[in-house]
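Start at 1 and go down the list; that is how both ligands and their atoms are numbered. From a predicted model like this one, the values you see are computed outputs, not experimental measurements. Numbers here are sequence positions counted from 1.
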Amino acid sequence: MSPYKLFQYIDKLSEVEGKEVILRGWVQNKTGKGKLQFIQLRDGTGVCQCVLFRDNVSEEVFADAKTLTQESSLEIKGTVRKEDRAIGGYEIDVTGLKIYQISKDYPITPKEHGDAFLIEHRHLWLRSSRQHAIMRVRAAVIKAIRDFFDGNGFKLMDSPILTPSACEGTSTLFETKYFDLGSAYLSQSGQLYAEASAMSLGKVYTFGPTFRAERSKTRKHLTEFWMVEPEMAFFDINDDMDLAEDLVEYIVQYCLKTCQKEFNLLERDTTKLEKVKRPFHRMSYSNAVDWLVENNIPLKKKVDGQEVDILPFPWGEDFGTVQEEALMEQFEKPCIIHRYPSEIKAFYMKRDPDNSDVVLAMDMLGPEKAGEIIGGSQREDNIDLLLERIEKHNLPLEDFQWYLDLRRFGSVPHSGFGLGIERVVKWISGAAHIREVIPFPRMIYRIVP
Ligand code: 4AD
Ligand code: MG
């Protein structure tokens, strides 16, 4: 019995075999013939077949059951019977029912619907078994992340959403009016605040929504997404990469342990996930470029509105989907690409002391076309070099005075990274599009519901 209410949840039926219980939920499907009616009841924890036999219930109850439609809400009373052929292993022999509401013309029927229709009805689409399973995987990913950090001495330090300046480049900022103080911007990353927090608590993580006014219309981009960002004092780039590998291995293995039911429903090939164990692959950006050149993978560039292939791939250009997917085809585990050209990376990244053309940055790419799941770096801890970078990036110096204070008062080597929750859930669940892995996706052309 639920500790809060006098009803039972479907995923706990094994504890009450043979007993009479009350279930509450929605009709996922209903069939019947003659003296029998079968109600597939969904309650959020699972689906259970409830069997109505005319001789076991009053005429009124049998007639009521006949009026039930898809997504009608109801309470069912009945006896729990073990049934190996049933989805959850148990069935209910119904003795009574109470209808909350009869649902009329539920728009999402068992037939196939187009993507546009489904996303417009996201508030209802969430009830379908596939979406339900993906949301459970998402919850497992988030729980794994929290357990990992909380269990390894990290402290959660929330960072603000309304911020006075850019963190990840000025071209993707959402601007909003802020009383008499001019403009505020929705946070692109909690990192700068995480750095301040790490100087107080040593090892911290922020976890919250982040915003990018990105015009990318792809299967991997949202304008609002969730990011977890650990930041560690006294960690260098190697420590940072080790931590990123540990975290991703932990998340995947946790999901394998707790989400088998969901993976079965999603028809996810879990043998691939089972291989996600440390050590992962690592490659410098320069070696990755060599590989692209050897394998004739071009840079795709828009010239006068036309996409052209540039060969050989020029050192200094950022990787896009084409390069990432080509590189990753050879691997079954994630691969960390490190030491990117400083020109294409953020202002706060530390130059490699062995080669000032590159920064101590690292991106983790996932297998199975997962794309970039992590972006991180060692941070510039030298105030003069940091000032130079802020100037070069044309960032307003006054806004960064507080951030520079971290380099004025006890500056230390430190590192961190950001992991995009939706990228990881998309990869692990095998979903085709990122809009399926967040309850209410925000994209360039969609803000409703
Ligand atoms: O690589 P990014 O931009 O890194 C940062 O924001 C750093 N400040 C993080 C840090 O060092 N603390 O973003 C980090 C991750 C990406 O690797 C990707 O997984 C995800 O966030 N991400 C997105 N996910 C969905 N939609 C978008 N538009 C995303 N942009 C980044
Ligand atoms: Mg990145």
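- The aromatic rings of Phe7 and Tyr9 stand perpendicular to each other, their planes meeting at an angle above 60°, with 30° marking the opposite boundary.
- Using a 4.0 Å cutoff on heavy atoms, Glu422 does not count as a contact of ligand 1.
- A donor-acceptor contact closer than 3.5 angstrom links the side chains of Ser286 and Trp315.
- Considering backbone and side-chain atoms alike, Gln188 places every N or O at 3.5 Å or more from each N or O of ligand 1.
- The residue Met443 has no part lying near ligand 1, judged by heavy-atom distances below 4.0 Å.
- With a 4.0 Å heavy-atom cut-off, ligand 1 is reached by the backbone of Phe417 but not by any atom from C-beta on.
- Looking only at heavy atoms of the protein, atom 11 (O) of ligand 1 is closest to Arg379 NH2, 2.9 Å.
- Between the Mg ion (ligand 2) and the N, O or S atoms of Glu372, the shortest distance is to OE2.
- Assignment of Met349 to the shell around ligand 1 is not supported, since no heavy atom sits closer than 4.0 Å.
- Within ligand 1, counting atoms from 1 as listed, the ones closer than 4.0 Å to a heavy atom of Ser189 are 6 (O), 8 (N).
- When each atom of ligand 1 is checked for a heavy atom of Gly375 under 4.0 Å away, the hits are 1 (O), 9 (C), 10 (C), 11 (O), 17 (O).
- With respect to atom 12 (N) of ligand 1, the closest heavy atom belonging to the protein is Glu229 OE1, 2.7 Å.
- Here Glu168 has side-chain heavy atoms under 4.0 Å from ligand 1, and that is the only part of it that gets that close.
- In plain terms, the two heavy atoms of Arg268 and Gly430 that are nearest each other are NE-N, 3.7 Å.
- One finds the CD atom of Glu332 at 4.0 Å from the NZ atom of Lys275 (value rounded to the nearest 0.5 Å).
- Using a distance-only test at 3.5 Å, with no hydrogens or angles considered, no donor-acceptor pair links the side chain of Tyr348 to the main chain of Gln378.
- With a 4.5 Å cut-off on side-chain heavy atoms, Leu156 and Val204 do not count as touching.
- Numbered from 1 in the order shown, with element, the atoms of ligand 1 that lie under 4.0 Å from a heavy atom of Ile374 read 17 (O).
- Interatomic distance, Gln49 CD to Gln28 CD, rounded to the nearest 0.5 Å: 11.5 Å.
- Among Met362, Met227, Glu372, the residue whose heavy atom lies nearest to atom 17 (O) of ligand 1 is Glu372.
- Nearest heavy atoms, Ser165 versus Phe400: OG-CZ, 4.0 Å.
- Taking only nitrogen or oxygen atoms, main chain and side chain alike, Leu419 does not reach within less than 3.5 Å of ligand 1.
- The ligand atoms of ligand 1 that sit less than 4.0 angstrom from a heavy atom of Lys220 are 25 (C), 26 (N).
- Heavy atoms from other residues, nucleotides or ligands lying under 6.0 Å from CD of Glu274 number more than 12.
- Inclusion of Glu231 in the set of residues having an N or O under 3.5 Å from an N or O of ligand 1 is not warranted.
- At a heavy-atom cutoff of 4.0 Å, ligand 1 is contacted by no atom of Val424, backbone or side chain.
- Here the protein heavy atom with the shortest distance to atom 26 (N) of ligand 1 is Leu222 N, 3.1 Å.
- Protein heavy atom nearest atom 3 (O) of ligand 1, with residue, atom name and distance: Arg212 NH1, 2.9 Å.
- A donor-acceptor contact under 3.5 angstrom links the side chains of His221 and Thr218, judged on distance only.
- In terms of polar-atom proximity, defined here as any N/O pair under 3.5 Å, His221 makes no such contact with ligand 1.
- When non-hydrogen atoms are compared, ligand 1 lies under 4.0 Å from neither the backbone nor the side chain of Tyr205.
- A pairwise comparison of heavy atoms in Phe235 and Asp240 identifies CD2-N, 4.3 Å as the closest pair.
- With hydrogens left out, the protein atom closest to atom 31 (C) of ligand 1 is Phe225 CZ, 3.5 Å, a heavy atom.
- In this structure, CD in Glu388 is found 9.0 Å from CD in Glu380, a value given to the nearest 0.5 Å.
- Protein heavy atom in closest approach to atom 19 (O) of ligand 1: Ile373 O, 3.0 Å.
- Shown in contact with Tyr348 at under 4.0 Å from a heavy atom are these atoms of ligand 1, numbered in order with element: 7 (C), 8 (N).
- Between Tyr205 and Phe154, the two ring planes are perpendicular [angle over 60°; tilted spans 30° to 60°].
- Inter-residue side-chain proximity for Trp427 and Leu273 is flagged as met; some heavy-atom pair is nearer than 4.5 Å.
- Here's the thing with Gly420: one of its N/O atoms is less than 3.5 angstrom from an N/O atom of ligand 1.
- Checked options Thr170, Thr163, Thr172, Thr210; the residue passing with Gln188 is Thr172 (criterion: side-chain hydrogen bond (donor to acceptor under 3.5 Å, both in side chains)).
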